[in-house]
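Values reported hereafter were calculated over all heavy atoms of this structure, with side chains retained and with hydrogens, waters and symmetry mates removed. Note on naming: letters A, B, ... go to the chains in the order of the sequence lines (proteins, then strands), and numbering restarts at 1 for each one.
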Amino acid sequence: MARVLHRAPMQIAERVAKHIPAASFVAKVDVARPGYVNFTLAEDWVASQVPAILAAGETWGNQTLGNNARVQVEFVSANPTGPITIGSARNAVIGDVLASVLEAAGYAVQREYYVNDAGSKVRHFGGSILSRYGDLFNVDIPFPENGYPAPYVTDLAQLVKERFGSAYLDKEREVAVRELGHWGIKQVLHGVEDDLKQLGVHFDNWFSERSLYESGLFDQMMAQLSEGGYVVKYDDATWFRHEDLEKDAVLIRSPQVIPDPEGRPTYLASDMPYLWNKLVVRGFDRAIYIWGADHHGDVPRVQAGAKALGLDVDRLVFIIYQMVTLMRGGEVIRMSKSSGEFVTLRELVDEVGADPIRFNMLTRTVDVTLDFDLDLAVEQSDRNPVFYVQYAHTRIAGVLRHAREQGWDTEAGGDASLLTHPSEQALIRKMLVLPELIAMAATNLAPHHLTTYARELASAFHAFYRDCRIVSDDAADAELSAARLMLARAAKSVLARVLHLMGTSTPDRM
RNA sequence: GCCCCGGUAGCUCAAUUGGAUAGAGCAAGUGCCUUCUAAGCACAAGGUUAGAGGUUCAAGUCCUCUCCGGGGUACCA
């Protein structure tokens with residue numbers, strides 16, 4: 001504006017400030033260098049918001065910017081060929097909390113787990129189980145080259161023996177492999193669901209990759225892509241081609257490479273019917289994928305697929321989070337299910353607890369790699385930042401208990417206009433920020449802002465607690481105590497709201 | 001080689017998307033429990049935001065290059 005008006009920024013700011021109409025919630029408007037116009041909220045307006053916050057309760061902070069648009073968040077989706085590992089914990093927490101934030105912002109959200117039950121992994125998995133199963137009968141069945149050597153496979157084989165006896169020895173090899181693969185996945189998924197539940201994560205829908213083939217959607221997509229000239233045959237193989245792709249083409253099906261007796265194509269191929277299913281069949285306005293950095297390279301392919309199918313690419317949103325480096329006592333632990341070297345999510349939750357894991361996974365943006373030291377996580381559990389926030393909640397619960405013991409009716413409310421102390425005002429202002437914060441986190445798809453806010457809110461309460469005696473013995477302060485009890489209750493409610501959004505618990509005692 | 005993400009206090013990370021004097025937690029320093037939970041609070045200390053250019057009223061944030069770390073770059077999933 002300075003350039004257009006040929007005036008110094010400060011002069012413009014002063015003119016603007018002078019013409020701002022008086023409003024009840026603005027105490028004063030002043031100007032600061034180099035050209036800011038500052039609004040100061042009126043103390044009595046700030047104080048008057050406390051009953052409103054209290055009345056809103058668990059809905060405080062909710063926004064309508066989502067307009068009930070239907071959004072799907074698909075996350076975790078780890079291969080169901082073994083238990084969930086710590087590697088998936090970050091994915092689970094990001095997806096779950098992002099979904100909660102979007103709900104709070106007014107979106108209609110579905111949480112989905114994509115079950116990879118159609119690839120060659122299933123066959124390798126089934127073959128692994130069959131081989132171990134054979135061992136139990138002293139029958140030598142070769143272990144697959146890309147099999148799973150981990151002990152849980154042997155446990156599954158044992159279970160097969162208990163349930164079905166020697167039935168699988170009599171079946172044709174390929175049939176046994178396929179059936180055991182599918183059966184094994186079903187068993188593993190039960191465990192996965194339970195492990196995630198321990199972490200406080202649940203899914204609205206478990207979507208089977210296999211169903212994309214069984215429903216005929218895959219063939220339908222292939223026909224559609226063929227028509228658009230996006231499918232190329234070369235030798236016996238089928239390729240997907242698109243000008244956006246860096247490489248010339250992506251393999252869809254090749255009998256030489258994937259000698260699957262069921263004739264299944266590569267897993268890359270199912271991305272197309274899957275995104276069609278999301279956006280067209282089920283009609284989500286937006287589909288959010290939560291992927292680890294190791295899958296980053298797949299993004300262009302899925303986007304190209306959407307384009308080739310004539311869909312708006314912007315309806316697909318990819319959140320790529322950086323990897324978690326797992327450590328123990330400063331040593332890096334390398335994990336993979338196929339090597340059998342891994343730490344399960346279950347072990348971690350049992351050892352550390354869900355709350356610290358969730359909070360830790362949330363404190364950083366998705367863009368930075370995360371070091372997670374198992375020893376440190378256990379050692380420092382007492383000083384974990386999540387406890388700082390929960391302690392504020394607990395402290396309020398304690399104060400309210402104390403007040404009731406002193407004969408106060410903590411539900412009675414009070415005169416908010418008495419809340420003029422700077423620490424009281426600061427606490428209320430912090431509570432008033434939550435709607436804005438939820439809007440920001442939802443717009444930027446950045447759930448980590450919640451942890452920063454939670455700490456600031458807890459800090460504002462602790463300062464208030466230090467500066468202001470809430471439950472006074474002096475009868476002359478009865479009015480003030482009532483007002484402060486109301487404020488404490490409102491603070492507890494907002495803390496609980498934030499803790500719930502993060503999926504962490506709200507203890508009344510610690 | 002090419003593509004993506006980082007590099008901010010001794011360590012781990014924030015910074016409302018280009019705004020005011022870059023903030024927290026650990027670690028180290030000083031002080032606060034006969035009064036609602038000290039898992040807390042206050043004070044003090046800690047910085048050339050990897051480096052060099054550029055864009056503009058304004059850069060940790062945007063552009064170019066260099067260096068360092070992580071991930072990807074399969075006819076694996």
Check: Sequence neighbours excluded, which residues qualify as side-chain hydrogen bond (donor to acceptor under 3.5 Å, both in side chains) partners of Y321(A)?
Finding: N91(A)
Notebook entry, point to check: Under the rule syn = chi within 90° of 0, otherwise anti, which is rC33(B)?
Noted result: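 Syn, which is what one calls it when the glycosidic angle falls within 90° of 0.
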Next item on the list: Answer syn or anti for rU30(B), where the cut-off is 90° from 0 on the glycosidic torsion.
Entry: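 That one's anti.
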Item checked: Crowding at CD, Q406(A) (>12 non-hydrogen neighbours, <6.0 Å) -> yes
Check: Are more than 12 heavy atoms from other residues, nucleotides or ligands located less than 6.0 Å from atom CZ of R404(A)?
Finding: yes
Taking atom [atom1] in both [N] and [M], what distance in whole Å separates the two?
| N | M | atom1 | result |
| --- | --- | --- | --- |
| rC11(B) | rG47(B) | C1' | 15 Å |
| rA44(B) | rG25(B) | P | 14 Å |
| rA52(B) | rC75(B) | C1' | 45 Å |
| rC62(B) | rU55(B) | C1' | 8 Å |
| rA22(B) | rU61(B) | P | 15 Å |
| rU49(B) | rA14(B) | C1' | 13 Å |
| rG69(B) | rA50(B) | C1' | 11 Å |
| rG10(B) | rG54(B) | P | 28 Å |

Checklist line | Nearest-neighbour nucleotide for the N444(A) side chain, rU17(B), rU16(B), rC13(B) considered | finding: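 The nucleotide sitting nearest to the side chain is rU17(B).
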Margin query: Against the six-membered ring of F372(A), is R90(A) placed for a cation-pi contact (under 6.0 Å from the centre, within 45° of the normal)?
Written below: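 No, R90(A) does not sit over the ring of F372(A).
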Check: Cationic tip of R395(A) within the cone over Y465(A)'s six-membered ring, i.e. under 6.0 Å and within 45° of the normal?
Finding: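 Yes, a cation-pi geometry holds between R395(A) and Y465(A).
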Rounded to the nearest Å, what distance is computed from the [atom1] atom of residue [X] to the [atom2] atom of nucleotide [N]?
| X | N | atom1 | atom2 | result |
| --- | --- | --- | --- | --- |
| F125(A) | rA77(B) | CZ | C1' | 14 Å |
| W291(A) | rA77(B) | CH2 | C1' | 13 Å |
| N360(A) | rU12(B) | CG | P | 14 Å |
| H296(A) | rG72(B) | NE2 | C1' | 8 Å |
| D294(A) | rG71(B) | CG | P | 10 Å |
| Q322(A) | rU12(B) | CD | P | 16 Å |
| R404(A) | rC36(B) | CZ | C1' | 12 Å |
| L362(A) | rC13(B) | CG | P | 15 Å |

Could you identify the nucleotide paired to [N], looking across every strand shown and requiring Watson-Crick or G-U wobble geometry with both distances under 3.5 Å?
| N | result |
| --- | --- |
| rC41(B) | rG31(B) |
| rU49(B) | none |
| rC62(B) | rG54(B) |
| rG6(B) | rC68(B) |
| rA74(B) | none |

May I ask you to say what [X] touches in the nucleic acid, namely base, sugar-phosphate or nothing, with a heavy-atom cut-off under 4.0 Å?
| X | value |
| --- | --- |
| V471(A) | base |
| H124(A) | nothing |
| T452(A) | sugar-phosphate |
| D473(A) | nothing |
| T365(A) | sugar-phosphate |

Next item on the list: Consider only side-chain N and O atoms of Q303(A) and D244(A), and report whether a donor and an acceptor are under 3.5 Å apart.
Entry: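 Side-chain D/A pair, Q303(A) to D244(A): absent.
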Note to self: Counting distance alone, no hydrogens or angles: does the base of rU12(B) have a donor or acceptor under 3.5 Å from a partner atom on the side chain of D371(A)?
What the structure shows: no
Note to self: Distance criterion of 3.5 Å, no angle test: do you see the side chain of N38(A) paired donor-to-acceptor with the base of rA20(B)?
What the structure shows: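 Indeed there is one.
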Check: Of P385(A) and V37(A), whose closest RNA chain B nucleotide lies nearer the 5' terminus?
Finding: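 First, find each residue's nearest nucleotide; the 5'-ward one identifies V37(A).
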Check: Between A403(A) and T325(A), which is nearer to the 5' end of RNA chain B once each is assigned its nearest nucleotide?
Finding: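 Nearest-nucleotide comparison on RNA chain B picks A403(A).
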So which protein N/O to nucleotides 38-45 of chain B N/O distances come out below 3.5 Å?
{"unit_1": "rA38(B)", "atom_1": "OP2", "unit_2": "R395(A)", "atom_2": "NE", "d": "3.3"}
{"unit_1": "rA38(B)", "atom_1": "OP2", "unit_2": "R395(A)", "atom_2": "NH2", "d": "2.3"}
{"unit_1": "rG40(B)", "atom_1": "O2'", "unit_2": "R395(A)", "atom_2": "NH1", "d": "2.8"}
{"unit_1": "rC41(B)", "atom_1": "OP1", "unit_2": "Y388(A)", "atom_2": "OH", "d": "2.6"}
{"unit_1": "rC41(B)", "atom_1": "O3'", "unit_2": "R466(A)", "atom_2": "NE", "d": "3.4"}
{"unit_1": "rC41(B)", "atom_1": "O3'", "unit_2": "R466(A)", "atom_2": "NH2", "d": "3.4"}
{"unit_1": "rC41(B)", "atom_1": "O2'", "unit_2": "R466(A)", "atom_2": "NE", "d": "2.6"}
{"unit_1": "rA42(B)", "atom_1": "OP1", "unit_2": "R466(A)", "atom_2": "NH2", "d": "3.4"}

Notebook entry, point to check: Would you say a side-chain N or O of T369(A) is under 4.0 Å from OP1 or OP2 of rG6(B)?
Noted result: no
Can a salt bridge be assigned to the pair [X] and [Y] using a cut-off of 4.0 Å between side-chain N and carboxylate O?
| X | Y | result |
| --- | --- | --- |
| R489(A) | E411(A) | yes |
| D371(A) | R364(A) | no |
| E112(A) | K278(A) | no |
| D298(A) | R301(A) | yes |

Check: How many angstroms lie between atom CG of L480(A) and atom CG of L419(A), to the nearest 0.5 angstrom?
Finding: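 One finds 7.5 Å between CG of L480(A) and CG of L419(A).
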Checklist line | Donor-acceptor pair, side chain of T344(A) and main chain of I84(A), under 3.5 angstrom | finding: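 The answer is no, because no donor-acceptor pair under 3.5 Å joins these two groups.
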Check: In residues 499-509 of chain A, what residues come within less than 4.0 Å of RNA chain B, judged by heavy atoms?
Finding: D508(A), R509(A)
